[in-house]
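Labels below follow one simple rule: chain letters A, B, ... track the order of the sequence lines, proteins then strands, and each chain is numbered from 1.
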Amino acid sequence: MGVGTSRYPEGRDRTMSRRTQPRIWAEEVKAHVGSGVRLKGWVHTVRELGKLVFVVLRDRTGTVQCKIRGQKEIAKQLEEEAAIELVGTVVEDPRAPEGVEVDVEELALLAKPVEPPPIQINRPLDLIGMRLETILNHRALSLRHPEIGSALKVRAEFIWAFREYLRSQGFLEVQTPKIVAAGTEGGTALFAVQYFERTAYLAQSPQFYKQMLVGAGYERVCEVGPVYRAEEHNTTRHLNEYISLDYEMGFIDDFREITRLETELLRFMFEHVERACPRELEIYGAELPKVPSEIPHVRLDEALSILETNYQKRCEGDLDPEGEKLLCEYAQERWGTEFVFVTHYPREHRPMYAMPSEEDPSLTNSFDLLYKGLEITTGGQRIHDYHMLVESIRSRGLDPEDFAFYLEIFKYGMPPHGGLAIGAERLTAQLLNLPNVRQASFFPRDRTRLVP
RNA sequence: GGGGGUGUAGUGUAGCGGCCUAACACGCUGCCCUGUCAAGGCAGAGAUCGCGGGUUCAAAUCCCGUCAUCCCCGCCA
């Protein structure tokens, strides 16, 4: 056995033999008892017991204990978080953590740490108690921590399932511009960017473009992409850049068609995450919610009176964060679900494209979806009538000329349509009970954070 | 935009007028150990207590400013 401090390119794997041995993942080791295996990964921990050394190797699939016998000088070169490659034999041993371990025959150092890592990634988070700031300052390294990185795996699986389900329902995945000419929806503040000789903005939402693509004949479109909000909020549930899961569908009968589809979509997404992320869910102690066949719909005015009657809680015009929590508590007790659609928001609280309600034109066919006390979706039916939309734009003191690019398709048979957007980080954070959405973002952007 | 906190070794904390020549845990360095798995034992290095000013015989500790950061509200996903 030998150790190589090999360095690309000239000395690469110089000391490693058995080049034909294919690499296996840490999680596959159990299936290779008695066989020679090659593993690559990071040194998770090193435990020296005199002439016996245990090295726990970590790769993208997990960890596996490896032992080095009678080669103390090799252990001396192993530092935590070094990238290594090893060849050995898988042996059964009841003393090993999983009943099996790798008896190392050869080991090569692929990359040696320049200095000890600033954060520990081989101990449970509750023992090392890093503050989020520290975790985010060392984001690439902290994501190596199995607990920290798991949240993003869950998010990735949510996103995969979002695409997969909508694809099965005839949706086309689209990409809309993130550099746009004007403040589309109004309301939220926009980031200005220099676009050659003009000022452009980062898109706060794909709203106009996904509607235009419905009208373009695709009928059903979805998008996974970043959106940008220049709001100076500094809370645990806001990011200035986040991933929006959008869909928009044409020829709907009413807005309930949108909430029905979201119900089925969410069920698919949660069931997929349950199958794909058992380890990650266990790490966070997350309980998969049962998505009911019909998520309760509560009109905003009803929601406000529910809060007042049952919780003596008064909200002015809209639900505040506490109101959202209480309403979800109510939904849990009353209907046994953590989800509730709040519908029929007043027009003045919704953008100009929101479709007025038939029974009360001061309200809209729009909704928010609350999950465990937090708003994770906003959606609704949109105005499809050209003249009505122009009028709505005017009534807000806006100039339809500025929206000509958007309005054009509405002149040529725009079908009844609607859609919604789910905040990917919020959905993930709520499932995993993360105290801060930043934990569900690879590299969060907030009021003060632009790096890394 | 408004309000409230917090800044002490790499990390997380304790200390909150003198007993601080700043403590503890993890990490780090060296030595010992063939069944560790939050390994253990012994020895050690590492902090002018965010920064600037002030009060005081004396400041990590009190005051002012500043910077950084966290949380809550508004608004939103």
Task: Set of residues satisfying side chain to side chain donor-acceptor pair (under 3.5 Å) with respect to A:Thr309, sequence neighbours excluded - done: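 Scan of A:Thr309 (side chain to side chain donor-acceptor pair (under 3.5 Å), adjacent residues dropped) gives none.
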
Give me the distance, rounded to whole Å, that separates [N] from [M] when you measure between the [atom1] atoms they each carry.
N: B:rU61; M: B:rA14; atom1: C1'; answer: 13 Å
N: B:rC62; M: B:rG15; atom1: P; answer: 12 Å
N: B:rC20; M: B:rG2; atom1: P; answer: 44 Å
N: B:rG50; M: B:rG7; atom1: C1'; answer: 6 Å
N: B:rA77; M: B:rC16; atom1: P; answer: 48 Å
N: B:rC19; M: B:rA58; atom1: C1'; answer: 13 Å
N: B:rA25; M: B:rU8; atom1: C1'; answer: 15 Å
N: B:rG46; M: B:rG41; atom1: P; answer: 23 Å

Under 4.0 angstrom between [X] side-chain N/O and [N] OP1 or OP2:
X: A:Thr134; N: B:rG12; answer: yes
X: A:Thr377; N: B:rA77; answer: no
X: A:Lys51; N: B:rU36; answer: no

Using only atom types and a distance under 3.5 Å, with no angle test, would you say the side chain of [X] pairs donor to acceptor with the backbone of [Y]?
X: A:Asp301; Y: A:Leu304; value: no
X: A:Ser392; Y: A:Tyr353; value: no
X: A:His297; Y: A:Ile295; value: yes
X: A:Tyr311; Y: A:Gly323; value: no

Within this structure, what is the [atom1]-to-[atom2] distance between [X] and [N], rounded to whole angstrom?
X: A:Leu190; N: B:rC76; atom1: CG; atom2: C1'; result: 13 Å
X: A:Glu101; N: B:rU34; atom1: CD; atom2: C1'; result: 11 Å
X: A:Arg447; N: B:rC75; atom1: CZ; atom2: P; result: 19 Å
X: A:Asp126; N: B:rU11; atom1: CG; atom2: C1'; result: 15 Å
X: A:Lys372; N: B:rA77; atom1: NZ; atom2: C1'; result: 17 Å
X: A:Tyr345; N: B:rC75; atom1: OH; atom2: P; result: 11 Å
X: A:Arg69; N: B:rC33; atom1: CZ; atom2: P; result: 18 Å
X: A:Asn122; N: B:rU36; atom1: CG; atom2: P; result: 18 Å

Open item on the list: If you take the centroid of each ring, where Trp contributes its six-membered ring, are A:Phe158 and A:Phe270 closer together than 6.0 Å?
Closed with: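 Judged by ring-centre distance (under 6.0 Å), A:Phe270 and A:Phe158 do meet the cut-off.
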
Open item on the list: Can you confirm whether or not the ring centre of A:Phe191 sits under 6.0 Å from the ring centre of A:Tyr201?
Closed with: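 They do not qualify: ring centres at least 6.0 Å apart.
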
Open item on the list: Going by side chain to side chain donor-acceptor pair (under 3.5 Å), name the pairs with one or both residues in residues 119-135 of chain A, residues two or more places apart or in two chains.
Closed with: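 Those involving residues 119-135 of chain A are A:Glu80-A:Asn122.
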
Task: Of all pairs that satisfy side chain to side chain donor-acceptor pair (under 3.5 Å), the ones with a partner from residues 140-155 of chain A, not counting sequence neighbours - done: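 Counting only pairs at least two positions apart or across chains, the side chain to side chain donor-acceptor pair (under 3.5 Å) contacts touching residues 140-155 of chain A are A:Glu81-A:Arg144, A:His145-A:Glu147, A:Arg155-A:Glu425.
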
Task: Nearest-nucleotide 5' precedence on RNA chain B, A:Pro116 against A:Phe54 - done: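 Final value for this comparison: A:Pro116.
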
What nitrogen or oxygen pairs link the protein and nucleotides 23-26 of chain B at under 3.5 Å?
from: B:rC26; atom 1: O2'; to: A:Gln120; atom 2: OE1; distance (Å): 2.7
from: B:rC26; atom 1: O2'; to: A:Gln120; atom 2: NE2; distance (Å): 2.7
from: B:rC26; atom 1: O2'; to: A:Arg123; atom 2: NE; distance (Å): 3.3
from: B:rC26; atom 1: O2; to: A:Gln120; atom 2: OE1; distance (Å): 3.4

From the options [options], select the nucleotide whose nearest atom is closest to the side chain of [X].
X: A:Pro118; options: B:rG35, B:rA77, B:rG10; result: B:rG10
X: A:Glu231; options: B:rA38, B:rC75, B:rA77; result: B:rC75
X: A:Glu375; options: B:rA77, B:rC28, B:rG35; result: B:rA77

Counting only heavy atoms not in [X] (residues, nucleotides, ligands), do more than 12 fall under 6.0 Å from its [atom1]?
X: A:Gln312; atom1: CD; answer: yes
X: A:Glu241; atom1: CD; answer: yes
X: A:Arg23; atom1: CZ; answer: yes

May I ask you to say what [X] touches in the nucleic acid, namely base, sugar-phosphate or nothing, with a heavy-atom cut-off under 4.0 Å?
X: A:Leu127; answer: base
X: A:Ala96; answer: base
X: A:Asp368; answer: nothing
X: A:Leu239; answer: base

Task: Check ion pair A:Glu173-A:Arg163 (N to O, under 4.0 angstrom) - done: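 Salt bridge present between A:Glu173 and A:Arg163.
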
TODO: Spell out protein contact along nucleotides 68-73 of chain B as letters: B when the base is contacted, S when just the sugar-phosphate is, - when no protein heavy atom is under 4.0 Å; keep the 5' to 3' order.
DONE: -S-BBS

Task: Nucleotide-level pairing of RNA chain B, given in dot-bracket where Watson-Crick and G-U pairs need both distances under 3.5 Å and | marks other strands - done: ((((((((.[[[[.)..(....]]]].(((((.......))))).....[[[[[..)....]]]]])))))))....

Task: Criterion salt bridge (Lys or Arg N to Asp or Glu O under 4.0 Å) against A:Lys313, the qualifying member of A:Glu324, A:Glu308, A:Glu322, A:Glu329 - done: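 Single pass found, and it is A:Glu322.
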
Open item on the list: I'd like to know if A:Glu48 reaches the base of B:rU36 with its side chain, counting only an N/O donor and acceptor under 3.5 Å.
Closed with: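 Answer no: no donor N or O sits under 3.5 Å from an acceptor.
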
